[in-house]
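Encoded as structure tokens, the structure appears first; notes follow it.
Just so you know, these numbers use all the heavy atoms, side chains as well, and skip hydrogens, waters and symmetry mates.
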Amino acid sequence: MDKQELRRRSNRVFELAARQLRHLVIQYPDTFPSFTSNGKWTHQREGWTNWCEGFLGGQLWQVYLYTGEAWFRQQAEHYSRLVEPRQYDTTVHDLGFIFLPTWKTWYDLTGDKQLNRVLIQAGQTLAQRFQEKGGYICSFEGDFSLYIDIMSNIGLVFYAAQQTDDAELWRIARQHCLTNRRYLVRGDGSTAHEGIFDPQSGCFLRQQTRQGWRADSSWARGQTWAINGFCEAFDYTQDEAFLDTAERLAEFYIQRTPENGLPPNDWDEPAPQLACESSAAAIAASAMWKLAQLTPDDQRSEFYRQYVLRIIDTLTTPHFLATDRPGWEGILLHGIYHLPQNTGVDESMIWGDYFLLECLNSILQDETPLPRPVEAH
């Protein structure tokens, strides 16, 4: 896909995103959808239970960055403000998903120190879930549980440590990555969804899954959370072990995935219900674009870039975009939330939509820098 075609498809995606987000914000004000049901967003008002709250504000920021339209900036700020109280939420492991797409994007755009204080507090709050004996930030399941998903949240702790020069925060973030690398990343480059530990001794007990096929299988979205997280870990630490891990994880994804770049929900499931899981592909594209920037090997970097463009080439076709689906409220079709529970199957996922937009903006920024929207002071 050449630059002209990339720009043409990006225009089409962002036009669709602008239309869908306007509808969502006007039709369902101040709610935070996670996935669609028959194409209509499901809405959850109890914010503390929702790990997806940052992805709506994140999409609004991404559309603003692409278009420069003031309305999207206003809505992005509003939906970012709505999640502000969660900087103190100690009950969940997903504060990175909530604050990095929203407050981090906002701060990077403005440099406003008050915004940065919220980000730092959120990172400090997430670090409070650290289990000293096991060496990991535990999931919301309890102190015995480590989710691979948390790797895509750990950047918030690294960021807070960097901004405050806090050695203890830095130790927590780094140890969490090392524990994931040891217990959830397998020798073949695949990942387990969850690790179970004895909270009294900190001893690792077993791997298991909640959204994949089996405990020893490979759940695709978890794999992509891990690629993204180890890229972040390397970016902050420059520890080559983390870069090596990210590349091994990416290699597994590439080797096991069809030529179009879209994986099934779990690579090991013998007869998958759906051929692909589009939200995992969108995360993979975003993560591997980061990996292309981080690896010092020029040939490998170009390989990752071309692979990402292959994923984008697939995701931006009419088969995967809701352009020709009247009444459908999401952007990206054919995603899966929780297959074992038959929840959000063959639907749009709020995070899949976000990572598609974020990845397109990243690619375009690297290829041809986008004009920076004018700031309101």
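For R171, the CZ atom is densely surrounded, since the number of other residues' heavy atoms within 6.0 Å is greater than 12. By the neighbour-count criterion of 12 heavy atoms within 6.0 Å, atom CD of Q114 is sparsely surrounded, having that number or fewer from other residues, nucleotides or ligands. Annotation for D165: atom CG does not count as buried by contact number, only 12 or fewer foreign heavy atoms lying within 6.0 Å.
Q124 and Q128 form no side-chain donor-acceptor contact under 3.5 Å, judged by distance and modelled atom types alone. Between the side chains of T245 and R181, at least one donor N or O sits under 3.5 Å from an acceptor N or O. Between the side chains of E358 and S286, at least one donor N or O lies within less than 3.5 Å of an accepting N or O. At a cut-off of 3.5 Å, with distance as the only test, a side-chain donor of Y147 or E141 sits close to an acceptor on the other residue.
Hydrophobic cluster membership of L333, counting Ile, Leu, Val, Met, Phe, Trp and Tyr whose side-chain heavy atoms lie under 4.5 Å apart directly or via other members: W328.
E347 contributes a side-chain N or O that, together with a main-chain N or O of N38, makes up a donor-acceptor pair within less than 3.5 Å. When atom types are taken as modelled, the side chain of N361 and the backbone of Q62 share a donor-acceptor pair closer than 3.5 angstrom.
Evaluation of the side-chain hydrogen bond (donor to acceptor under 3.5 Å, both in side chains) rule for R174 yields D239 as partners, not counting sequence neighbours. Scored by the salt bridge (Lys or Arg N to Asp or Glu O under 4.0 Å) test, R81 finds E84 as partners (sequence neighbours excluded).
Of all heavy-atom pairs spanning W225 and I148, the tightest one is CB-O, 4.3 Å. Listed here is the closest heavy atom pair of N260 and T314: O-OG1, 2.8 Å. The two residues L309 and M1 make their nearest non-hydrogen contact at O-CE, 3.7 Å.
Under the 30°/60° scheme for interplanar angles, the aromatic rings of Y354 and F55 are found to be tilted. Under the 30°/60° scheme for interplanar angles, the aromatic rings of Y64 and W61 are found to stand perpendicular.
W267 has its side chain within reach of F252: a pair of non-hydrogen atoms, C-beta onward, lies under 4.5 Å apart. A heavy-atom distance below 4.5 Å is not found between the side chains of Q27 and W41.
Shown are F140, F130, Y136, W51; of these, the ring-ring contact (aromatic ring centres under 6.0 Å, His included) with H93 is made only by F140.
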